[in-house]
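Worksheet for the structure shown next.
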Amino acid sequence: MVAASGLALPRVAAPCPARPRGGLRPALLRFAPPVALPPHQLRCCASTVDDGLVSAAASKPRLPRVVGMGSKLVGCGSAIPTLGVSNDDLSKIVETSDEWIAARTGIRNRRVLSGDETLRGLSIKAAQRALEMAKVKAEDVDLVLLCTSTPDDLFGGATQVLTDVGCTKAFGFDITAACSGFIVGLITATRFIKGGGFQNILVVGADALSKYVDWTDRGTCILFGDAAGAVLVQACSADEDGLLGFCVQSDGNGQKHLNAATANDESILSNTNGVPGFPPKKATYSCIQMNGKEVFRFAVRCVPQSIEKALQEAGLPASSIDWLLLHQVSVLN
């Protein structure tokens, strides 16, 4: 299980305080208009790729990279499936009601993939909308991070997304960190900017958890749905840095309370030529299993600690925070 905190800056942000290096930390970012990078700073040039499999545009030398930069959010976008499932709809499947669900979760509707819709499609739309808001061309994106636990392809989906969006010069990879995936992606983006000299990074958070929901389990089917969101993180001068601090920590002991483990299906081959245990049985994923009360206990114990560490590193008092955005957590039977 993972505890991670995100903090929104006050409307008028104070100068970013110095931060100790090393360790695990919390995260703060602000939206700001894109600006040109200052001409000074340490620079290092990326090498040219000469490979027939790489497009001509991608093989051109990049602009010199500027390392040691800050990060800011300049655009965001989202996408949801067309099919909506209400609490009343679920009450026809399991013993529940709109009042029962709303009182415990605040949820009244959720969106679920249907027909030809895919997680990849949602991710592409969210990424395009983030670029549109940021007024940044797709070919100017350096990196695409797809934060998901439910990719359409077992080998990942970031490269497919960046190709369809038109990010011809970008590198991409998936990040799997369940509920904390997006904040892990956000922090990762700022590290590539600060240490790698990247300038524009798309961070996409997307999941299609409906595929792994047991729709007869009242404790989980009411919570999960499908959607995608994206932000464009852009390099900026150090004094404009919007990332004031972050704190992320993990505890694998909680896996037994929230998981979707692999399960073995029938063997792919009927004739094994007498070799015991071969071939391995076909793997599938089980439905989401959750002990709601234990997840709740973990959250109320660990999340406040994470928030306090984030505030401490940012040098901000709790009274300075205008918005506190938390992941949904509920007590369910």
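Since the structure is predicted, the reported quantities are computational estimates derived from the model, not experimental observations.
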May I ask you to decide if Pro81's main-chain N or O and Arg111's side chain share a donor-acceptor pair within less than 3.5 Å? yes
Among Asp174, Asp152, Asp164, salt bridge (Lys or Arg N to Asp or Glu O under 4.0 Å) partner for Arg120: Asp164
Quick one: are Asn200 and Leu232 in side-chain contact, heavy atoms under 4.5 Å? yes
Does the side chain of Asp142 pick up a donor-acceptor pair with the side chain of Gln199 at under 3.5 Å? no
Kindly indicate whether the side chain of Leu90, heavy atoms from C-beta on, has any atom under 4.5 Å from the side chain of Val85. yes
Ile222 backbone acceptor or donor facing Arg110 side chain under 3.5 Å: yes
Using modelled atom types and a 3.5 Å cut-off, is there a donor and acceptor pairing between side-chain atoms of Lys135 and backbone atoms of Glu132? no
For side chain to side chain contact (heavy atoms under 4.5 Å, CB included), just list the numbers for Thr118 and Leu113, CA-CA rounded to whole Å, side-chain angles, deciding distance to a tenth of an Å, and then say yes or no. CA-CA 7 Å; Thr118 63; Leu113 290 174; 5.7 Å; no
Are any side-chain N or O atoms of Asn87 and backbone N or O atoms of Ile107, one a donor and one an acceptor, separated by less than 3.5 Å? yes
Out of curiosity, Ser123 OG to Leu202 CG, how far, rounded to the nearest 0.5 Å? 11.0 Å
Check for a donor-acceptor pair, side chain of Gln305 on one end and backbone N or O of Arg301 on the other, with a separation under 3.5 Å. yes
Would you indicate whether the side-chain heavy atoms of Cys147 and Val203 approach each other to under 4.5 Å? yes
Heavy-atom nearest pair, Phe198 first then Ala235, reads O-CB, 3.8 Å
Gap between atom CD1 of Ile175 and atom CG of Leu186 - 0.5 Å precision: 10.0 Å
Would a 4.5 Å heavy-atom cut-off, applied to side chains only, mark Leu324 and Leu326 as touching? yes
Donor + acceptor pair across side chains of Glu117, Thr82 (<3.5 Å): yes
Counting only heavy atoms not in Glu139, do more than 12 fall under 6.0 Å of its CD? yes
Flag yes if more than 12 heavy atoms outside Tyr285 fall under 6.0 Å of its OH atom; otherwise flag no. no
For Gly70 and Ile193, which heavy atoms make the closest approach, and how far apart are they? O-CG2, 3.4 Å
Does some side-chain heavy atom of Trp215 sit less than 4.5 Å from a side-chain heavy atom of Cys221? yes
Could you walk me through whether Cys302 and Gln249 satisfy the side chain to side chain contact (heavy atoms under 4.5 Å, CB included) test, starting with their C-alpha distance in whole Å, then the side-chain angles of each, then the deciding distance to 0.1 Å, before giving a yes or no? CA-CA 9 Å; Cys302 296; Gln249 298 171 292; over 6 Å; no
Any Val233 side-chain heavy atom under 4.5 Å of Phe192 side chain: no
Student check: side-chain heavy atoms of Thr284 and Thr262 closer than 4.5 Å: no
Got a salt bridge between Arg297 and Glu294, using NZ or NE/NH1/NH2 to carboxylate O under 4.0 Å? yes
Which atom of Ala227 lies closest to which atom of Leu119, heavy atoms considered: O-CD1, 4.2 Å
Are the charged groups of Asp98 and Arg108 less than 4.0 angstrom apart, N to O? yes
Can you check whether Leu209 reaches Thr150 side chain to side chain, under 4.5 Å on heavy atoms? yes
Closest heavy-atom pair, Cys236 versus Met69, reported as atoms and distance to 0.1 Å, is O-CE, 3.0 Å
Determine, step by step, whether Val204 and Thr148 satisfy the side chain to side chain contact (heavy atoms under 4.5 Å, CB included) criterion, reporting the C-alpha distance in whole Å, the side-chain angles of both residues, the deciding distance to 0.1 Å, and the verdict. CA-CA 8 Å; Val204 183; Thr148 182; over 6 Å; no
Please determine whether side-chain hydrogen bond (donor to acceptor under 3.5 Å, both in side chains) holds for the pair Ser71 and Gln234, giving the CA-CA distance in whole Å, both sets of side-chain angles, and the decisive distance to 0.1 Å. CA-CA 6 Å; Ser71 302; Gln234 189 174 80; over 6 Å; no
Do Leu243 and Val248 belong together in a cluster built from hydrophobic side chains that touch within less than 4.5 Å? yes
So, Ser86 versus Asp88: side-chain donor-acceptor pair below 3.5 Å or not? no
Do Val213 and Ile80 share a hydrophobic cluster, counting only Ile, Leu, Val, Met, Phe, Trp and Tyr and linking them when any side-chain heavy atoms are less than 4.5 Å apart? no
dist Ile101:CD1 -> Thr96:OG1 (nearest 0.5 Å) comes out at 3.5 Å
On a heavy-atom basis, the closest approach of Phe171 and Leu162 is C-CD2, 3.9 Å
Looking only at non-hydrogen atoms, find the nearest pair between Cys167 and Val144 and report the distance. SG-CG2, 4.2 Å
Atom NZ of residue position Lys211 - does it have more than 12 heavy atoms of other residues, nucleotides or ligands inside 6.0 Å? yes
Taking atom SG of Cys287 and atom CG of Asp217, what is their separation to the nearest 0.5 Å? 8.5 Å
In the single-linkage hydrophobic clustering (I, L, V, M, F, W, Y; side-chain heavy atoms under 4.5 Å), do Phe182 and Leu143 co-cluster? yes
Does atom NZ (Lys137) have a neighbourhood of more than 12 heavy atoms from anything else shown, all under 6.0 Å? no
Please tell me whether Leu122 and Tyr212 are part of a single hydrophobic cluster in this structure, the criterion being side-chain heavy atoms less than 4.5 Å apart. no
Gln160 and Thr163 side chains, donor-acceptor separation under 3.5 Å: no
Quick check: does any side chain N or O of Ser78 sit under 3.5 Å from a backbone N or O of Ala126, one acting as donor and the other as acceptor? no
Does a side chain donor of either Ser149 or Asp207 reach within less than 3.5 Å of an acceptor in the other side chain? no
